[in-house]
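Below you'll find the structure, written out as structure tokens, and then a few comments.
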Amino acid sequence: MERTHTCGELRGSDVGEQVVLMGWVAKKRDFGVFTFIDLRDREGVTQVVVSEETAEQAHAKAKNIRGEFVIAIKGNVVARDENARNTKLATGDIEVKVSELLVLNDAAVPPFQLEVAGSENLAAEDTRLKYRYLDLRRPQLQHNIRTRAKAVKAIREYFDTQGFIEIETPILLKSTPEGARDFIVPSRIHTGKFFALPQSPQILKQITMIAGFDKYYQIARCFRDEDLRADRQPEFTQLDMEMSFVNREQVYREMEGMFNHVMKTVGNIDLPSEWPRMTYAEAMRRFGSDKPDLRFGMELQDLSEDLKDTDFAPFADTLGKGGEIKCIVVKGKADYSRKQTDELQEFVKRYGASALAWIKVPVRTGSDSDSAPTSSLMKVLGEETIGRLIKTSGAVEGDAVLIVAGRKSVVAASLGALRQEVARRENLIDRTKYECLIVTEFPMFEHDEETDEYVAAHHPFTSPMDEDLEMFKTAVNNPSQKHLLGKVRAKAYDAVINGYECAGGSIRIHQKDIQALNFQALGLSPEKARERFGFFLDALEYGTPPHGGFAAGIERTCMILCGTENIRDVMAFPKTASAQDLMMDSPGEVDAAQLDELGVKVVE
RNA sequence: GGAGCCGUAGUUCAGUUGGUUAGAACGCCAGCCUGUCACGUUGGAGGUCGCGGGUUCGAGCCCCGUCGGCUCCGCCA
């Protein structure tokens with residue numbers, strides 16, 4: 001028997017055809033003298049019917065089949081009666097009247113039911129991860145994995161069309177202590193030495209520019225030995241690209257072009273040909289986030305000016321230390337209960353906020369006392385100040401104002417997260433919308449409070465902005481001016497869609513003197529720099545073109561295309577939150593002989 | 001490294017204030033059934049209440065520890 005059709009393609013126009021279908025038994029409905037089987041393959045489901053009267057042998061075999069048996073059937077496509085059509089199935093206008101049935105393979109009873117109504121009834125995720133091959137048979141995951149394949153294809157199409165060359169870089173390379181923790185691989189030939197898996201092909205892609213390829217791209221697997229999150233796995237895939245002789249705008253155009261092509265061809269999603277631009281500073285000020293979700297408003301408002309003369313010690317203290325007091329306004333939520341505001345307070349505390357203050361502006365009714373604003377700050381600030389804060393916040397009748405005071409970083413982190421959390425709880429996010437943004441002018445350095453050191457915000461090869469170059473030089477050459485490093489902006493940028501950082505990149509440093517300056521700023525002596533990046537510093541000596549690029553997260557892009565918030569939904573074989581593979585039970589131990597050969601000893 | 005939620009039949013869940021024999025639905029097994037598509041119907045099997053300890057006359061329920069899953073903070077140049 002040779003398959004003639006898939007289980008998703010037969011239609012009314014095929015009535016009368018003799019067909020052969022092969023697939024898995026999704027469902028069996030036994031009526032004694034005849035049996036319905038829903039046959040499933042990757043393309044869909046087709047109902048086939050086996051009758052004792054017309055196909056005695058096939059009917060006898062059908063008696064013994066169960067869910068997930070693999071079968072082949074031969075039969076005629078027949079039209080269903082008007083009232084027997086199934087509008088839920090693409091193939092619901094027809095069914096196949098079976099003449100022959102072959103059991104290609106039986107199947108053990110699955111450890112969980114694949115066919116359940118509603119995702120909330122799915123088996124627990126650890127069970128599904130252990131039997132990933134069964135979970136992957138579910139139409140939802142089949143769809144997601146195919147969407148991912150389409151996205152990768154669209155990316156290749158785009159860059160190929162734009163004249164980029166796909167270049168593979170090694171998976172076994174050298175550990176550099178910067179950034180994320182490396183996965184390391186012991187070398188047998190060089191006992192006691194180790195390769196590292198790439199966190200990203202950063203340096204190598206820059207070297208392709210030095211090597212003159214001009215436009216490089218790669219679908220690159222990356223590895224980072226860090227803790228996981230709903231959108232982070234220890235190994236993941238990036239679109240990595242780099243181009244020579246370009247400025248930032250030219251890179252932005254490629255980011256826009258690539259995302260627009262992928263979103264359109266894979267998801268039929270239209271994004272603007274030129275994306276909005278916003279500086280990092282503005283994003284942090286207005287949204288408390290460097291990856292703001294623009295599908296809803298609720299921007300942060302600054303109340304610091306109204307409170308600059310306050311006696312209330314916590315606020316006065318905050319402002320005295322250079323902190324700020326900001327708020328968001330939640331529309332129509334003046335009826336937040338004590339329990340709800342307590343929950344939100346617990347929420348912001350995770351981000352280091354010491355408290356969440358609130359003002360509720362009730363809807364005006366007949367009596368004045370019912371209409372007066374209430375606030376957790378009423379006693380300490382008084383009616384007049386509260387009134388001023390309401391005015392500044394822009395709150396109107398019926399609204400709630402949620403206020404956080406503290407260090408700028410804490411206020412941004414907590415209110416930024418609160419804004420997202422409230423939007424989620426109050427259903428303010430339009431799931432049909434796609435809001436994209438390019439965030440520009442990221443800071444060059446981040447200040448480490450504990451060590452008082454400055455570390456690269458992006459990576460140590462990122463170019464400072466021309467406007468800030470003098471400040472950069474001053475800060476590096478005068479230890480007393482070191483704090484200026486915190487103000488230097490970089491030619492670094494992110495692409496943000498619906499609050500997800502989908503891509504990030506920068507224009508790189510191509511002059512060796514500025515690169516040296518940057519290592520100095522990062523507290524890396526010339527000797528240390530040479531030890532770690534010597535080959536790269538050498539390469540910079542031999543005519544490096546100005547260049548820049550970006551890397552895009554394939555998984556995050558696919559999460560948006562698939563409408564899921566979980567990275568495991570767009571990976572065929574993901575790991576758990578504790579970085580294990582429950583199907584193959586990795587990581588695992590290795591033989592003592594293997595370790596011996598590698599010169600590796602496990603210490604208890 | 002830290003925090004929160006969850007863990008009861010193969011699966012999803014219920015299980016009152018600590019009280020006798022731990023339930024339901026789906027799935028599974030055996031029958032019946034001529035139009036189902038969440039088929040219907042009759043009967044049946046199926047439990048280390050994650051694991052270990054404690055409190056108690058008595059623990060699925062309370063306490064301590066531990067393991068696993070998910071989520072978050074730290075971390076992720």
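Just so you know, these numbers use all the heavy atoms, side chains as well, and skip hydrogens, waters and symmetry mates. Note that this is a predicted model, so its numbers are computed, not measured. Naming: A, B, ... by sequence-line order, numbering from 1 per chain.
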Is there any protein nitrogen or oxygen under 3.5 Å from a nitrogen or oxygen in nucleotides 8-10 of chain B, and what are the pairs?
residue	atom	partner	partner atom	Å
B:rG10	O2'	A:P111	O	2.5
B:rG10	N2	A:Q113	OE1	3.1

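A:E95 comes within 4.0 angstrom of a base, heavy atoms only. As judged by a 4.0 angstrom heavy-atom cut-off over every strand, A:R80 is placed among the base-contacting residues. As judged by a 4.0 angstrom heavy-atom cut-off over every strand, A:R350 is placed among residues touching the sugar-phosphate backbone only. Within 4.0 Å (heavy atoms only), A:F461 reaches no atom of the nucleic acid at all. Contacts of A:S578 with the nucleic acid, taken as non-hydrogen atoms under 4.0 Å apart, involve only primed sugar atoms and P, OP1 or OP2. Residue A:A417 is out of contact with every strand shown, counting any heavy-atom pair closer than 4.0 Å. If you check every strand for non-hydrogen atoms under 4.0 Å, A:R128 touches nothing. Residue contacts for A:N566: at a heavy-atom cut-off of 4.0 Å it reaches the sugar-phosphate backbone alone, with no base atom in range. Looking at heavy-atom distances under 4.0 Å, A:A84 makes contact with a base. Within 4.0 Å of A:E346, counting heavy atoms only, lies no atom of the nucleic acid at all.
Rounded to a whole angstrom, the distance from the P atom of B:rC49 to that of B:rU11 is 15 Å. A distance of about 11 Å separates the P atoms of B:rC61 and B:rU16, rounded to the whole Å. Rounded to the nearest Å, the gap between the P atom of B:rG50 and that of B:rA59 is 15 Å. For the P atoms, the distance linking B:rU36 with B:rG69 amounts to 45 Å, nearest Å. A distance of about 11 Å separates the P atoms of B:rU42 and B:rA25, rounded to the whole Å. Rounded to a whole angstrom, the distance from the C1' atom of B:rC39 to that of B:rU71 is 40 Å. Rounded to the nearest Å, the gap between the C1' atom of B:rG18 and that of B:rG27 is 33 Å. Taking the P atom of each, B:rG19 and B:rG2 are spaced 35 Å apart, rounded to whole Å.
Taking a cutoff of 4.0 Å between a charged side-chain nitrogen and a carboxylate oxygen, A:E421 and A:R424 qualify as a salt bridge. A:D581 has no carboxylate O lying under 4.0 Å from a charged side-chain N of A:K575, or vice versa, which leaves the two without a salt bridge. A salt bridge does not link A:R224 to A:E235: none of the charged side-chain nitrogens sits closer than 4.0 Å to a carboxylate oxygen. The existence of a salt bridge linking A:R40 and A:E68 is confirmed by a sub-4.0 Å separation between a basic side-chain nitrogen and an acidic carboxylate oxygen.
A:L228 has its CG atom 13 Å from the P atom of B:rC73, to the nearest Å. Counting to the nearest Å, the P atom of B:rG35 and the CZ atom of A:F36 are 8 Å from each other. When the P atom of B:rU11 is taken as reference, atom CD of A:E68 falls 16 Å away, rounded to whole Å. Between A:D231 atom CG and B:rC70 atom P there is a gap of 14 Å when expressed in whole angstrom units. Atom CG of A:D30 is separated from atom P of B:rU42 by 17 Å (rounded to the nearest Å). One atom, CD of A:Q420, and another, C1' of B:rC73, lie 17 Å apart when rounded to the nearest Å. As rounded to whole Å, 11 Å separates atom P of B:rC32 from atom CD of A:E52. Rounded to whole Å, atom P of B:rC75 lies 18 Å from atom CG of A:D182.
Picking from B:rG27, B:rC73, B:rU71 the nucleotide with the shortest atom distance to the side chain of A:K27 gives B:rG27. Minimum atom distance to the side chain of A:R29 is reached by B:rU36, of the listed B:rC73, B:rU36, B:rU12. For A:R568, whose side chain is taken as the heavy atoms from C-beta onward, the closest listed nucleotide among B:rC76, B:rC70, B:rG35 is B:rC70. Residue A:K63 has its side chain nearest to B:rC33 when only B:rC76, B:rU36, B:rC33 are considered.
In this model, a side-chain donor or acceptor of A:D227 finds a partner on the base of B:rG74 within 3.5 Å. A donor and an acceptor atom never sit less than 3.5 Å apart when one is taken from the side chain of A:R229 and the other from the base of B:rC70. Put simply, the side chain of A:D126 and the base of B:rC70 share no donor and acceptor less than 3.5 Å apart.
Counting heavy atoms from C-beta on, the side chains of A:L418 and A:I328 come closer than 4.5 Å. Taking the side chain as every heavy atom from C-beta outward, A:R232 and A:I567 never approach each other to under 4.5 Å.
Taking a 6.0 Å sphere around NZ of A:K28, one finds it holds more than 12 heavy atoms contributed by other residues, nucleotides or ligands. Residue A:K63 places its NZ atom among more than 12 non-hydrogen atoms of other residues, nucleotides or ligands, all under 6.0 Å distant.
The distance between the ring centers of A:F533 and A:F519 falls below 6.0 angstrom. Aromatic rings from A:Y493 and A:F550 are positioned such that their centres are separated by 6.0 Å or more.
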Evaluate the salt bridge (charged side-chain N to carboxylate O under 4.0 Å, His left out) criterion for residues A:D14 and A:R11: first the C-alpha distance (whole Å), next the side-chain angles of each, then the deciding distance (0.1 Å), finally the verdict.
CA-CA 5 Å; A:D14 297 306; A:R11 297 289 183 273; over 6 Å; no

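Of the two residues near RNA chain B, A:E53 and A:T576, the one whose nearest nucleotide lies more 5' is A:E53.
Side-chain N/O atoms of A:K88 include one lying less than 4.0 angstrom from OP1 or OP2 on B:rA38. For B:rC73, neither phosphate oxygen OP1 nor OP2 lies less than 4.0 angstrom from any side-chain nitrogen or oxygen of A:K349. Side-chain nitrogen and oxygen atoms of A:R66 include at least one within less than 4.0 Å of the OP1 or OP2 phosphate oxygen of B:rC29. Residue A:R232 places no side-chain N or O under 4.0 Å from the OP1 or OP2 atom of B:rC72.
A 3.5 Å limit on both hydrogen-bonding distances identifies no Watson-Crick or G-U partner for B:rU36. Pairing for B:rC49 is absent, judged as Watson-Crick or G-U wobble with the two contacts each under 3.5 Å. B:rG68 and B:rC6 make up a base pair, with Watson-Crick or G-U wobble contacts both under 3.5 Å. For B:rA24, the paired base is B:rU12 (Watson-Crick or G-U wobble, both distances below 3.5 Å).
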